[in-house]
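This report concerns only the one structure given below.
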Amino acid sequence: MSTLIELRDITKIYGQGQASFKALHGVNMSIEQGDFVAIMGPSGSGKSTAMNILGCLDVPTDGEYLFSDVHVEALSRNERALLRRHYLGFVFQGFNLLARTSAQENVELPLLYRGESSLDRHAAAEAALRQVGLEGWGHHTPAELSGGQQQRVAIARAIVTNPTILLADEPTGNLDTKTSNEIMALLTSLNEDKGITVLMVTHEPDMAEYAKRIIHFVDGNIDSDIRNRAIDSKRSVA
Ligand SMILES: Nc1ncnc2c1ncn2[C@@H]1O[C@H](COP(=O)(O)OP(=O)(O)OP(=O)(O)O)[C@@H](O)[C@H]1O
Ligand SMILES: [Mg+2]
C-alpha cells in the first residue's frame, strides 16, 4: 500500500487573542491508499476540525498536509478547490441534499461544477445510483425518500466523480441501527470492491467496527491508533 495522506504536526487555532481556541495540537497521521479508517473521540476533541482540513474545506494554522506527495498547505484556494473536486468525496450526517431537486440531479451536481456534458452527467449519475442500490429512484426528491435512501443519494453524489478518498463525518448519526448497518455495508463494499479509501468519523463503536483501523482523538490529539484485528482476521479467512 502506498501513502495517500500525511499530516505532519498539524495545529489549528480558531479565533484570535483572548478568544482563541487551539482545536488541534500537532496532529501526525498517515493514511494508506485503500484503507478504511474510523475516527472516534469525545465531542470537541477535534475530529471534524481534522476532517475539514483533510477535505480542504479549511486550512491548518501550522503544519504540513501531503496528499499524494503534494503539499496542500502550499496550494492556492483555487488549487485546493480543484483537488477537492477531483479527488475527494464528502458525506455528512445531515445528508445535505438540495430539497426541491431530484435524486438524479443531486447526484449530477458535482459533474455540473466540473463542466461535464448533460449526457455524461446523466450516465454517470445513473451508474452511481445503481451502485448505492437506488436504481429507478432518480426522479424522487429527498422528501420522498427515507433517511437511509437520502444518505445513499448523498453517497452516490460523493462517488459520482470517482474520488480517491471518501470523507464521511458521522454518516450514520441521523439513522436507526438497521439503516446504519446498511450504510456501513455500502461503505465497506465501496472500499473493498472499488478501492476507495474511506475516512469516517463516528461516535458509535458498532459502526467503527466496520473499519480496518480506528483512531481515537482526545483534546486535539491522537490518543490511540489501532488496527481492527477482528476485521483483519475476518477478511483473511474470507
Ligand atoms: N469555527 C470555529 N470557531 C471556534 N471554535 C471552533 C470552531 N469550530 C470548532 N471549534 C471548537 O474546536 C473544538 C473542536 O471542534 P470539532 O468540531 O473539531 O469537534 P468534534 O470532535 O468534531 O466534536 P463532535 O463530536 O461534537 O462533532 C471544539 O471545542 C469547538 O468548540
Ligand atoms: Mg464533529
Side-chain angles (χ1 to χ4, degrees), residues 4-31 35-67 72-73 75 77 80-81 83-84 88-97 147-148 150-151 154-155 157-158 163 165-177 179-181 183-184 186-187 191 197-226 228:
L4 177 63
I5 278 176
E6 207 178 328
L7 299 184
R8 294 183 187 154
D9 212 12
I10 291 284
T11 59
K12 178 66 186 181
I13 299 171
Y14 289 114
Q16 305 247 309
Q18 290 267 309
S20 72
F21 181 83
K22 196 168 189 178
L24 295 178
H25 292 250
V27 169
N28 291 290
M29 181 196 290
S30 155
I31 293 168
D35 213 347
F36 185 166
V37 182
I39 296 182
M40 302 193 75
S43 188
S45 58
K47 305 181 298 295
S48 293
T49 300
M51 288 291 270
N52 290 343
I53 290 171
L54 288 165
C56 299
L57 300 167
D58 200 359
V59 288
T61 307
D62 217 337
E64 293 173 280
Y65 170 11
L66 287 104
F67 186 95
V72 178
E73 79 282 354
L75 299 180
R77 182 180 281 262
R80 280 202 311 276
L83 192 154
R84 205 160 58 220
L88 312 178
F90 296 92
V91 178
F92 303 96
Q93 178 173 2
F95 319 140
N96 294 14
L97 300 171
Q150 289 180 57
Q151 193 59 301
I155 292 170
R157 181 185 56 188
I165 182 163
L166 198 59
L167 299 163
D169 198 344
E170 302 195 45
T172 63
N174 285 358
L175 303 172
D176 61 62
T177 304
T179 311
S180 295
N181 280 301
I183 292 295
M184 291 314 305
L186 173 59
L187 293 179
N191 174 248
T197 307
V198 179
L199 191 55
M200 164 191 81
V201 171
T202 183
H203 278 284
E204 300 157 88
D206 287 352
M207 301 308 142
E209 278 305 313
Y210 282 87
K212 297 175 186 166
R213 175 182 172 197
I214 304 177
I215 295 175
H216 269 268
F217 272 70
V218 176
D219 293 337
N221 248 320
I222 292 178
D223 185 59
S224 69
D225 182 347
I226 51 161
N228 189 348

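Quick caveat: nothing in here was measured; it's all calculated off a predicted structure. Start at 1 and go down the list; that is how both ligands and their atoms are numbered.
- At least one protein heavy atom sits closer than 4.0 Å to atom 21 (O) of ligand 1.
- Distance check on atom 30 (C) of ligand 1: every protein heavy atom falls at or beyond the 4.0 Å cut-off.
- Residue contact annotation: Lys12 has no non-hydrogen atom under 4.0 Å from ligand 1.
- Here is the list of ligand 1 atoms found below 4.0 Å of a heavy atom in Ser45: 19 (O), 21 (O).
- With Asp58 as the partner, the salt bridge (charged side-chain N to carboxylate O under 4.0 Å, His left out) test is satisfied by one option alone out of Arg80, Lys12, Arg84: Lys12.
- The two residues Pro163 and Ala158 have their closest heavy-atom pair at CG-O, 3.3 Å.
- For the Mg ion (ligand 2), the N/O/S atoms of Ser48 include one lying under 2.8 Å.
- Residue Lys47 has at least one heavy-atom neighbour below 4.0 Å for each of these atoms of ligand 1: 18 (O), 20 (P), 21 (O), 22 (O), 23 (O), 24 (P), 25 (O).
- With contacts defined as side-chain heavy-atom distances shorter than 4.5 Å, the pair Leu54/Leu7 qualifies.
- In this pair, Phe90 and Phe92 present their aromatic rings parallel. The plane angle is below 30°, not in the 30 to 60° band.
- Side chain of Lys47 to main chain of Met200: no donor-acceptor pair is present (N/O by atom type, distance under 3.5 Å, no hydrogens or angles).
- For ligand 1, the atoms sitting less than 4.0 Å from at least one non-hydrogen atom of His203 are 25 (O), numbered in the order shown with element in parentheses.
- Within the 4.0 Å heavy-atom criterion, neither part of Ala50 lies near ligand 1.
- When the shell of 6.0 Å around CG of Asp219 is examined, it contains 12 or fewer heavy atoms from other residues, nucleotides or ligands.
- Considering backbone and side-chain N/O of Phe21, none are found under 3.5 Å from N/O of ligand 1.
- The shortest separation from a heavy atom of Gly15 to ligand 1 is not under 4.0 Å, leaving the residue out of contact.
- Listed by number with element, the atoms of ligand 1 under 4.0 angstrom from any heavy atom of Pro42 are 21 (O).
- Side-chain contact check for Asn228 and Tyr210: no donor-acceptor pair (N or O, by modelled atom type) lies under 3.5 Å.
- Residues Leu88 and Cys56 approach most closely at CD1-SG, 4.3 Å, considering heavy atoms.
- In this model, no donor atom of one side chain and acceptor atom of the other lie less than 3.5 Å apart for Ser180 and Glu204.
- Residue-ligand proximity: Gly41 is placed with every non-hydrogen atom at 4.0 Å or more from ligand 1.
- For atom 6 (C) of ligand 1, the nearest protein heavy atom (residue, atom name, distance) is Tyr14 CD1, 3.2 Å.
- Under a 4.0 Å criterion applied to the non-hydrogen atoms of Thr49, ligand 1 contributes the atoms 14 (C), 15 (O), 16 (P), 18 (O).
- If you check which protein heavy atom lies closest to atom 27 (O) of ligand 1, you get Glu170 OE2, 3.7 Å.
- Looking at Gly44, Ser48, Ser43, it is Gly44 that brings a heavy atom closest to atom 28 (C) of ligand 1.
- The two residues Arg8 and Asn28 come nearest to each other via the heavy atoms CA-OD1, 3.3 Å.
- Judged purely by distance below 3.5 Å, without hydrogens or angles, the side chains of Asp62 and Thr11 never pair a donor atom with an acceptor atom.
- Ligand 1 has no atom lying under 4.0 Å from any heavy atom of Met51.
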